[in-house]
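Hydrogens, waters and symmetry mates play no part in the numbers below; they use all other heavy atoms, side chains included. The chains referred to below are lettered A, B, ... by the order of the sequence lines, with proteins before strands, and numbering in each begins at 1.
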Amino acid sequence: MNYWLMKSEPDVFGIDDLQQSPNQTDSWDGVRNYQARNMLRDQMQVGDLAFFYHSNCKPPGIVGIMEIASRAYPDPTQFDPDSDYYDPKSDPANPRWYLVDVRFKRKFARMITLDELRSHPELADMVVLRRGNRLSITPVTKAEWDFIVALADSRD
DNA sequence: GCCAACGTTGGC
DNA sequence: GCCAACGTTGGC
């Protein structure tokens, strides 16, 4: 099983929105980057766990955990002219963009902010912390995962 | 296939 | 709102 970190802007779709979705499950649409798509499509497995990361907000950071609830399938928003994620160049016979369903697992008692992530030498190699990183989906190692979960369950 | 111009992400 | 660090586009 694999571990991931997935970014979303809370103004658009935050962890509370996922928790309030039917069956606490929703489709993670709108991924429009080939590297992120490849990971989502080729490597994500049902049962994988992912950190829910709030980006483009103050402060950014990890707010909880979700579970990958489906294999990848074509993202319908790419064919919807009314969607912000519409891609007129995507051929329905050969879809360009994919998504997975995700299920809410839990919200952390406290957010683990980006600043805090950066402050721990144990997390120095995290892909999401690398300079210039812009991927909305990044892999997380088991060691990083366990460390962050322990942080979230600690008092400070 | 190169690369300049442009668009996007996302922290600050 | 700014801008660094990308990724994408399209002329050549």
Identify every side-chain donor-acceptor pair in residues 8-16 of chain A under 3.5 Å, counting partners at least two apart or on other chains, and give the distances.
{"from": "S8(A)", "atom 1": "OG", "to": "F13(A)", "atom 2": "O", "distance (Å)": "2.6"}
{"from": "E9(A)", "atom 1": "OE2", "to": "N56(A)", "atom 2": "ND2", "distance (Å)": "3.2"}
{"from": "D16(A)", "atom 1": "OD1", "to": "K107(A)", "atom 2": "NZ", "distance (Å)": "2.9"}

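Once you apply a 4.0 Å limit to the heavy atoms of chain A, the touched nucleotides of DNA chain B run 5' to 3' over dG7(B) to dC12(B).
Screening residues 31-43 of chain A for salt bridge (Lys or Arg N to Asp or Glu O under 4.0 Å), with sequence neighbours left out, gives R32(A)-D75(A).
In this structure K89(A) satisfies the side-chain contact (heavy atoms from CB on, under 4.5 Å) test together with D87(A), R96(A), sequence neighbours excluded. The side-chain contact (heavy atoms from CB on, under 4.5 Å) test applied to N23(A) returns T25(A), not counting sequence neighbours. Remark: R71(A) pairs with Q45(A), V46(A) by the side-chain contact (heavy atoms from CB on, under 4.5 Å) rule, at least two apart or across chains. Legend: residues meeting ring pair (Phe, Tyr, Trp, His ring centres under 6.0 Å) with W97(A), ordered by chain and number and at least two apart, are Y34(A). Every residue meeting the ring pair (Phe, Tyr, Trp, His ring centres under 6.0 Å) condition with F51(A), not counting sequence neighbours, appears here in chain and number order: W145(A).
Counting non-hydrogen atoms under 4.0 angstrom, R131(A) reaches the backbone sugars and phosphates but no base. Among the atoms of the strands shown, none is found under 4.0 Å from any heavy atom of E9(A).
The end-to-end axis angle of the helix from dG1(B)-dC12(C) to dC12(B)-dG1(C), rounded to 10 degrees and based on five pairs per end, is 10°.
Y73(A) belongs to a hydrophobic cluster whose other members, connected by ILVMFWY side-chain contacts under 4.5 Å either directly or through intermediates, are L99(A). Applying the 4.5 Å side-chain rule to ILVMFWY residues, one finds that F79(A) remains a lone member of its cluster.
Listed by residue number, the members of residues 49-63 of chain A with any heavy atom below 4.0 angstrom from DNA chain B are Y53(A), S55(A), N56(A), P60(A).
No option in F52(A), W4(A), W28(A) other than W28(A) meets the side-chain contact (heavy atoms from CB on, under 4.5 Å) test with V102(A).
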